[in-house]
Amino acid sequence: MRGQDGPAPGAVERTHEKYSPRPRPRFDATRGQPIGSPPMSDPSPASPVRVRFAPSPTGYLHIGGVRTALFNWLFARRHGGRFVLRVDDTDAQRNVAEALAPILDGFRWLGLDWDEGPEVGGEYGPYYQSERQPRYQAAVDRLLAGGFAYRDYARPEEIQAERAAAEAAKEPYVASRRWAGETDADRERFAAEGRSFVVRLRMPRAGQSRIDDLVRGEVVTDWAAEADHVIQRADGSFLYNLASVVDDIEMRISHLIRAEEHLSNTPRQLFIWQGLGAPPPVFAHLPVVAEPGSRVKLSKRKLDRYLKNPEFAELYERGRRIAERLGHAVAADTFNPVIVDFYRESGFLPDAILNYLLLLGWSLDDRTEILDAEARIAHFSLAGVNRASASFDPAKLLSFQERYMQALPAAARTELVLPFLERAGWIGSPPSAAERATVLAIVTAAAERLKVAGDILDYEELFVADSALVWDEKAFAKRLQQPPAAAVLLGEMRAELAAAPDFTPAALEALFAGFVAARGLGLGAIVHAVRVAVSGKAVGFGLFDLLSILGRERVLARIDRALARLAAP
RNA sequence: GGCGCGUUCGUCUAGGGGUCUAGGACGCCGGCCUCUCACGCCGGUAACACGGGUUCGAAUCCCGUACGCGCUACCA
């Protein structure tokens, strides 16, 4: 089993009835590096699984980034390895701590805990690239000394001229290396000309680079197709390809699970691994998370465009409505379904998001959709990762949310909902015992109408003073003003409610049944009128639950107010 | 332009030469339930990008084309 990326025998056996494991991985993982994924009962100290996610402190957590992080996290947990968070702040100009906070908060909220990284430390730190400069310099020096890199004294316009010439000749551009400072004499001469230098990789011009990608299989590229990439700028700062590889080496990263956009970067990075004399990790390039109905990578900057997709718009609208009631800002770059905070602020469940994201590019079999945290870890395998990019489906995400929400007992849903009501100022903070009891009753009555926790804010009518209740005009007209008998019936019902011995839903239902039976009417003849009178709305959960929750006093006060308006000219 | 990667219902996917008149889920459409809404239940719609091979047989293997995405930065 060692060296194979498949479920450990124990895990498969345990769940054999429920899930049918794949017959075999898509690719023979043993062809590449030994990937060290032994069963958890037999950890291999020689090649422990170590994976990383390296976010830039951008101030927000991208949903696609979460998917990549999730796959890394799952892989680490599945194989008893370590999940490392590394902060990619090489060109950090702003306040890193401030820009990192939403990202770390997002991970915490989702339950993606990291074993090494910011706040927790670890033996391979520091975990901020900005604090690792000396290591990068040492690596550059070593590449230079080994002939894997050179100092390039060319001026930008000279490089451009060479490129333009190659393009004009319709030939691929190949660096001339004319201004390579190979000797001390060269360097002095160039410096005397007022030239500065960058450090470039001296890429091979023959042969091929070859990786065995766990998702894509074998990927072969001609070395000659690779440019002499810059790894250190003229100002001495370092570039991504260099810093990333140095860190991955020093942090002992065993598997590089990252988005497909990095596949083309791999050969040049492989060259650095070679130059530094380190064995490369095992690669797994994940398909990107794309825009709804497209293959283009999802971006937080294109909200306006995504809003043209009805399902995306519906998801956004749900969150926006909630944020608005809480008085939160809804600026596109902070409040947006591409950003994880959107879901937290709307009251989504982390498990629902994780489950949805897991199935975006991965599947267990032909029917399993719901995988709880344990099952996700037990069954995750890179062999199940798809190759094609997957477009983000807002409707399906919502459907996972609904399913997870429905699975929660009312008491748990109440706990989720309470903070929203507190923040809206509709109940005390902390809520009183009576308020908690009322909210539990509301949550129970609302049942599956609460798709996200923030949906509780749709029930404002249950929290406002009777005198402040606002009627939906259309509903008021249709159910109370237009039907000729509405006012009379409502008045008669008012009397019965006032005299009702019991205000439980069951008793109220019996009362209403008797009321319509005595008059030879259908239930609808009175139910709608009462609903609009007491809630102001045409829609909502069961009327008897509604009346029972409001209680006799408030129900009568609201009906009286409606009757007064009906009586007015 | 060059190089790399990809392509099964609108979307996520199952599929590894015959069990595929291509399965599941979300969406959508229709119906049932019903005091409205939501839930639930039943039914339906809908796909192997195209063209060549290989083979008795191709969604599946090979080649090509088209289209999409990525890289080709002193971005990450």
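Chain A is the first sequence line, chain B the second, and so forth, proteins listed ahead of strands; every chain is numbered from 1. As a basis for the values below, the full set of heavy atoms in this structure was taken, side chains included, without hydrogen atoms, waters or symmetry mates.
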A.B. asks: How many Å lie between CG on A:Asp228 and P on B:A73, as a whole number?
C.D. replies: 11 Å

A.B. asks: Using the P atom as the point on both nucleotides, what is the distance between B:G27 and B:G18, in whole Å?
C.D. replies: 33 Å

A.B. asks: Within the 4.0 Å heavy-atom criterion, would you say A:Gly522 contacts the bases, only the backbone, or no part of the nucleic acid?
C.D. replies: nothing

A.B. asks: Using the C1' atoms only, state how far B:C50 lies from B:C33, rounded to an integer number of Å.
C.D. replies: 48 Å

A.B. asks: Any base atoms under 4.0 Å from A:Lys170, or only sugar-phosphate, or nothing? Heavy atoms, all strands.
C.D. replies: nothing

A.B. asks: Between B:C74, B:G4, B:G70, which nucleotide has the shortest distance from any of its atoms to the side chain of A:Pro156?
C.D. replies: B:C74

A.B. asks: Determine whether the aromatic ring centres of A:Phe197 and A:Tyr150 lie less than 6.0 Å apart.
C.D. replies: no

A.B. asks: Regarding A:Tyr60 and A:Asp333, is there a side-chain donor-to-acceptor distance under 3.5 Å anywhere?
C.D. replies: no

A.B. asks: Taking only residues two or more places apart in sequence or in another chain, which ones pass ring pair (Phe, Tyr, Trp, His ring centres under 6.0 Å) with A:Tyr316?
C.D. replies: none

A.B. asks: For RNA chain B, whose closest nucleotide is more 5', that of A:Arg200 or that of A:Leu360?
C.D. replies: A:Leu360

A.B. asks: Select base, sugar-phosphate, or nothing to describe what A:Phe392 touches, counting heavy atoms under 4.0 Å on all strands.
C.D. replies: nothing

A.B. asks: Separation of A:Arg387 atom CZ from B:G15 atom C1', in whole Å?
C.D. replies: 12 Å

A.B. asks: For the pair A:Asp455 (side chain) and A:Val452 (backbone), establish whether a donor and an acceptor sit closer than 3.5 Å, ignoring hydrogens and angles.
C.D. replies: yes

A.B. asks: What distance, rounded to whole Å, do you find between the two P atoms, one in B:G51 and one in B:G17?
C.D. replies: 24 Å

A.B. asks: From the options B:C35, B:A76, B:C3, select the nucleotide whose nearest atom is closest to the side chain of A:Ser56.
C.D. replies: B:A76

A.B. asks: So A:Ala388, base contact, sugar-phosphate only, or nothing? Heavy-atom distance under 4.0 Å.
C.D. replies: sugar-phosphate

A.B. asks: Name the closest nucleotide to the A:Val198 side chain, picking from B:G24, B:A76, B:C74.
C.D. replies: B:C74

A.B. asks: Once you apply a heavy-atom cut-off of 4.0 Å, does A:Phe541 come out as touching a base, just sugar-phosphate, or nothing?
C.D. replies: base

A.B. asks: Starting the side chain at C-beta, find the nucleotide from B:C37, B:G40, B:A76 nearest to A:Arg449.
C.D. replies: B:C37

A.B. asks: For A:Val219, report the nucleic acid contact type (base, sugar-phosphate, nothing); a contact means any heavy atom under 4.0 Å.
C.D. replies: sugar-phosphate

A.B. asks: Measuring only the P atom in each nucleotide, how far is B:C9 from B:A59? A whole number of Å is fine.
C.D. replies: 15 Å

A.B. asks: Using a heavy-atom cut-off of under 4.0 Å over every strand shown, decide if A:Leu543 touches base, sugar-phosphate, or nothing.
C.D. replies: base

A.B. asks: Figure out the CG/C1' separation between A:Leu214 and B:C5, and round it to whole Å.
C.D. replies: 16 Å

A.B. asks: With sugar-phosphate meaning primed atoms plus P, OP1 and OP2, does A:His262 contact a base, only sugar-phosphate, or nothing at under 4.0 Å between heavy atoms?
C.D. replies: base

A.B. asks: Using whole Å, what does the distance between atom C1' of nucleotide B:C3 and atom CZ of A:Arg210 come to?
C.D. replies: 16 Å

A.B. asks: Output the single nucleotide from B:G23, B:C35, B:C71 whose closest atom is nearest the side chain of A:Arg268.
C.D. replies: B:C71

A.B. asks: From OH of A:Tyr173 over to C1' of B:C71, roughly how many Å is that when rounded to an integer?
C.D. replies: 17 Å

A.B. asks: With a 4.0 Å cut-off, would you call A:Glu402 and A:Arg449 a salt bridge?
C.D. replies: no

A.B. asks: What N/O pairs connect the protein and nucleotides 26-29 of chain B at under 3.5 Å? Give each pair on its own line.
C.D. replies:
unit_1, atom_1, unit_2, atom_2, d
B:C26, O2', A:Lys396, N, 3.4
B:G27, O2', A:Glu311, OE2, 2.7

A.B. asks: Compare the minimum distances between each of B:G24, B:U72, B:C5 and the side chain of A:His229, then state the nucleotide with the smallest one.
C.D. replies: B:U72

A.B. asks: Whole-Å distance between B:C12 C1' and A:Leu398 CG?
C.D. replies: 15 Å

A.B. asks: The side chain of A:Lys451 lies closest to which of these nucleotides: B:G70, B:C74, B:A38?
C.D. replies: B:A38

A.B. asks: Got a donor-acceptor contact below 3.5 angstrom from the A:Asn309 side chain to the A:Pro292 backbone?
C.D. replies: no

A.B. asks: For a quick test of reading the model: is some side-chain N or O of A:Ser391 closer than 4.0 Å to OP1 or OP2 of B:C12?
C.D. replies: yes

A.B. asks: May I ask you to verify whether the side chain of A:Arg531 and the base of B:C35 hold a donor-acceptor pair under 3.5 Å?
C.D. replies: yes

A.B. asks: Any side-chain N or O of A:Ser363 below 4.0 angstrom from OP1/OP2 of B:A14?
C.D. replies: yes

A.B. asks: Taking atom P of B:G70 as reference, at what distance in whole Å does atom CG of A:Asn265 sit?
C.D. replies: 13 Å

A.B. asks: Provide, to the nearest angstrom, the distance between the CE atom belonging to A:Met405 and the P atom belonging to B:A38.
C.D. replies: 18 Å

A.B. asks: Is it true that A:Asp247 and A:Arg135 make a salt bridge, defined as a side-chain N closer than 4.0 Å to a carboxylate O?
C.D. replies: no

A.B. asks: Taking the same atom, P, in B:G16 and in B:C62, what whole-Å distance lies between them?
C.D. replies: 15 Å

A.B. asks: I'd like to know if A:Glu260 and A:Arg387 make a salt bridge, using a cut-off of under 4.0 Å between side-chain N and carboxylate O.
C.D. replies: no

A.B. asks: How is A:Gln406 classified with respect to the nucleic acid when contacts are heavy atoms under 4.0 Å: base, sugar-phosphate, or nothing?
C.D. replies: sugar-phosphate

A.B. asks: Mind checking A:Val288 for me? I need base, sugar-phosphate or nothing, with any heavy atom below 4.0 Å counting as a touch.
C.D. replies: nothing

A.B. asks: Check every strand shown and say whether A:Arg295 touches a base, only sugar-phosphate, or nothing at a heavy-atom separation below 4.0 Å.
C.D. replies: sugar-phosphate

A.B. asks: Look at the side-chain N and O atoms of A:Arg258 and state whether any lies under 4.0 Å from the OP1 or OP2 oxygen of B:A76.
C.D. replies: no

A.B. asks: In whole Å, measure the gap between the P atoms of B:A46 and B:G52 for me.
C.D. replies: 26 Å

A.B. asks: Could you check whether A:Tyr128 and A:Asp88, counting side-chain N and O atoms only, form a donor-acceptor pair closer than 3.5 Å?
C.D. replies: no

A.B. asks: Under 4.0 angstrom, heavy atoms only, what part of the nucleic acid is A:Arg155 near: base, sugar-phosphate, or nothing?
C.D. replies: nothing

A.B. asks: Check every atom of B:G24, B:C39, B:U11 against the side chain of A:Glu448 and return the nucleotide holding the closest atom.
C.D. replies: B:C39

A.B. asks: Is A:Ser264 side chain donor-acceptor paired with the B:G70 base, going by distance under 3.5 Å alone?
C.D. replies: yes

A.B. asks: Determine, for A:Glu473 against A:Lys478, whether the closest basic-nitrogen to carboxylate-oxygen distance falls under 4.0 angstrom.
C.D. replies: no

A.B. asks: Side chain of A:Asp222, backbone of A:Ala206: donor and acceptor closer than 3.5 Å?
C.D. replies: no

A.B. asks: Select base, sugar-phosphate, or nothing to describe what A:Ile526 touches, counting heavy atoms under 4.0 Å on all strands.
C.D. replies: nothing

